[in-house]
There are 2 protein chains.
Amino acid sequence: MSDTRDKILEIGRRMVQSNGYNALSFREVAAEIGIKSAAVHYHFPTKGDLGGALANKYAQDAQSFCDGLLQSGDTAEKMFRAYTGVFRAALADNNRMCLYGIMAAEYDDLPPGVRVEVDKFTEVNLHFLEALLKRAKPELTSADIGTRALAIFSAIEGAQLVARGRKDITVFDNALAAHQAVGLTF
Amino acid sequence: MSDTRDKILEIGRRMVQSNGYNALSFREVAAEIGIKSAAVHYHFPTKGDLGGALANKYAQDAQSFCDGLLQSGDTAEKMFRAYTGVFRAALADNNRMCLYGIMAAEYDDLPPGVRVEVDKFTEVNLHFLEALLKRAKPELTSADIGTRALAIFSAIEGAQLVARGRKDITVFDNALAAHQAVGLTF
DNA sequence: ACCTGAACACCGTTCAAGT
DNA sequence: ACCTGAACACCGTTCAAGT
């Protein structure tokens, strides 16, 4: 876990969240650190390795965050708002997207090793939402819970996608408010 | 409107829908047609010009489709199902995405000329959904209609994004069914 | 262990030149 | 009007070589 390696991961994550996996450039990452691109390849042999490491770290961070929320003892409403706050923060930070959302859009262009890590992120999020639903809406069947978690997750990702396209964070807020108003979310 | 120009647009559209604007390659387009990449530049001087033309045509086609639906005299439910069917068809066709969705994800990496055309597509879709809402849910205020249209549009785009990431079209169907079940859509 | 220099085949773009 | 050939600066990747 060298210092250089961490810098690569941090700069790489920002690049992907801003412009996508395709726009992730070894030469640009290297230039920002002040080394040569070949040195980046020493830490991450291929672009797929770097992309996979980025997605893996992202999924792992999401896991820790969700676990922390579930153990907080807060209401489902409060946990849900803290959860969506993370997606909102990405938009507030220079119109960035959740790393998952942008990589899902590029999915077919992703190396298999990156796809696996992207899939992990989805699982983490769905499990969190299912746990919330189980607490807040005990009247739902377990099949309905699975479907509803998917519907909520896709609604959040879509709100982020459209808000980014409009460069307007209030689009995100309004979409989520509407989803809540009809009873889709918490 | 030469034959070559049309071929470029068709191949280019498929490339963007599969792998994004960044993966759109003049050399690959040229190779598929059997000409040199410089010849593609004759029709579209820059990549931004080609991307803009693709997004423009996409928005225009959406406009025609939505206009046709609104004039069909069908119920809002039937029109909405025909509308979402287009997004579904993209997924069914080799896990492709709506051109808008993938370009919205890459938004910050897009040349200004492409962004303008991407924005047009959003407007077309929001106007269509607002027209549907006005008919089917006359109890909503005009402010609520705008918010609701945004919420529905983002929910559809998100369902497509997540379904693509999971390479599973039933995710799209289930998410839309859940959105309908809670009364978000029609 | 970590990095550089140089090479490879790719890319968008430009432009003179061909028909 | 439409296309080619050749060049430019970019890209990911490889590998021998340096420390």
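Note on naming: letters A, B, ... go to the chains in the order of the sequence lines (proteins, then strands), and numbering restarts at 1 for each one. Heavy atoms only: backbone and side chains are in, while hydrogens, waters and symmetry mates are out.
Nucleotide C:dA9 forms a pair with no other nucleotide shown, judged by Watson-Crick or G-U wobble geometry with both contacts under 3.5 Å. In this structure D:dA17 sits in no base pair that meets the Watson-Crick or G-U test at under 3.5 Å.
Listed candidates were D:dT14, C:dA7, D:dA7. Nearest to the side chain of B:R27 is D:dA7.
When only modelled atom types and interatomic distance are considered, B:D49 and B:T46 share a side-chain donor-acceptor pair under 3.5 Å.
One can place CD1 of B:I35 at 17 Å from P of D:dA1, the figure rounded to the nearest angstrom. Remark: P of C:dC2 and NE2 of A:H43 are 6 Å apart, rounded to the nearest angstrom. If you measure from atom CZ of B:F26 to atom P of D:dT4, you get 15 Å, rounded to the nearest angstrom. The distance from atom CG of B:L24 to atom P of C:dG12 is 7 Å, rounded to the nearest whole Å. Summarising the geometry, the separation between CG on A:D49 and P on D:dT14 is reported as 10 Å, rounded to the nearest angstrom. As a whole-Å value, the separation of B:K36 NZ from C:dT19 P is 16 Å. Between the CZ atom of A:R5 and the C1' atom of C:dA1 there is a distance of 14 Å, rounded to whole Å. Atom CZ in A:F44 sits about 16 Å away from atom P in D:dT14, given to the nearest Å.
Between A:Y42 and C:dC3 there is no side-chain polar atom (N or O) within less than 4.0 angstrom of OP1 or OP2. When the side-chain nitrogen and oxygen atoms of B:T4 are compared with OP1 and OP2 of D:dC3, one or more of them lie within a distance under 4.0 Å. In terms of phosphate contacts, A:S25 brings no side-chain nitrogen or oxygen within less than 4.0 Å of OP1 or OP2 of D:dC10.
The shortest heavy-atom contact between A:I156 and A:F172 is O-CE1, 4.0 Å. Across all non-hydrogen atoms, the minimal contact from B:V182 to A:R148 is CG1-NH2, 3.4 Å.
Mapping B:S37 and A:V40 onto DNA chain C by nearest heavy atom places A:V40 closer to the 5' end of the strand.
Among the protein residues, A:T46 comes within range of the sugar-phosphate backbone only, with heavy atoms under 4.0 Å from sugar or phosphate atoms but none that close to a base.
Geometric assessment of B:K47 against the ring of B:Y21 yields a positive cation-pi assignment under the 6.0 Å and 45° thresholds.
Under the 6.0 Å cut-off for aromatic ring centres, B:F186 and B:Y83 do not qualify, their centroids lying 6.0 Å or more apart.
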